[in-house]
Amino acid sequence: VQLQASGGGSVQAGGSLGLSCTASGSILRIDLMGWYRQAPGKQRDLVAVISRAETTNYAHTVKGRFTVSRDNANNTVYLQMNNLKPKDTGVYYCIADTNRRYWGQGTQVTVSS
């Protein structure tokens, strides 16, 4: 299974960005999908995840600003990020859980004040 993420980039505080990530390869069923991020010098933390039944879970720091969604038919997960803050800066990694967890290659999001 390979995960290809797209989106990200640079934006000023208060702006919006969208990320997408598509899984490909020998996929029978993907259960959990979602996003983690790693800020410079920090550990990788959960941002938002979504189950196959579309139950969601968000980090408290992004609740109300970020929306995670998925397209099961196309094995794709999305992250819409609104009202971005400088503390949202980091490398964003998508994940997909089948019989194990797969990670995407990471995409940079930079929010300037």
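Just so you know, these numbers come straight off a predicted model, no measurement behind them.
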May I have the step-by-step check of side chain to side chain contact (heavy atoms under 4.5 Å, CB included) for Tyr78 and Asp71, ending in yes or no? CA-CA 8 Å; Tyr78 304 94; Asp71 177 351; 4.2 Å; yes
Rounded to the nearest 0.5 Å, what's the gap from [atom1] on [X] to [atom2] on [Y]? Could you check?
X: Leu46; Y: Asn57; atom1: CG; atom2: CG; value: 6.0 Å
X: Ser24; Y: Asn74; atom1: OG; atom2: CG; value: 12.0 Å
X: Ile27; Y: Thr98; atom1: CD1; atom2: OG1; value: 8.0 Å
X: Thr67; Y: Asn82; atom1: OG1; atom2: CG; value: 6.5 Å

Closest heavy-atom contact between [X] and [Y]?
X: Met81; Y: Leu19; answer: CE-CG, 3.8 Å
X: Ser113; Y: Ala13; answer: CA-CB, 4.3 Å
X: Ile30; Y: Ala96; answer: CG2-CB, 4.0 Å
X: Ala39; Y: Thr89; answer: CB-O, 3.8 Å
X: Gly7; Y: Thr107; answer: O-OG1, 3.1 Å
X: Leu17; Y: Leu84; answer: N-CD1, 3.7 Å

Is any side-chain heavy atom of [X] closer than 4.5 Å to a side-chain heavy atom of [Y]?
X: Val68; Y: Arg70; value: no
X: Arg101; Y: Leu32; value: yes
X: Met33; Y: Arg52; value: no
X: Gln80; Y: Ser16; value: yes
X: Asp88; Y: Arg37; value: yes
X: Val77; Y: Ile50; value: yes

Hey, quick one: are Ile95 and Tyr58 part of the same hydrophobic cluster, counting side-chain heavy atoms closer than 4.5 Å, chains of contacts allowed? no
Mind running side chain to side chain contact (heavy atoms under 4.5 Å, CB included) on Tyr36 and Val91 for me, showing each step along the way? CA-CA 8 Å; Tyr36 282 66; Val91 178; over 6 Å; no
Do you see a donor-acceptor pair shorter than 3.5 Å between the side chains of Thr22 and Thr76? yes
Around Gln12, counting heavy atoms of other residues, nucleotides and ligands shown, do more than 12 lie under 6.0 Å from its CD? no
Taking the inter-plane angle between the rings of Trp103 and Tyr93 on a 0 to 90° scale, is it parallel (under 30°), tilted (30 to 60°) or perpendicular (over 60°)? perpendicular
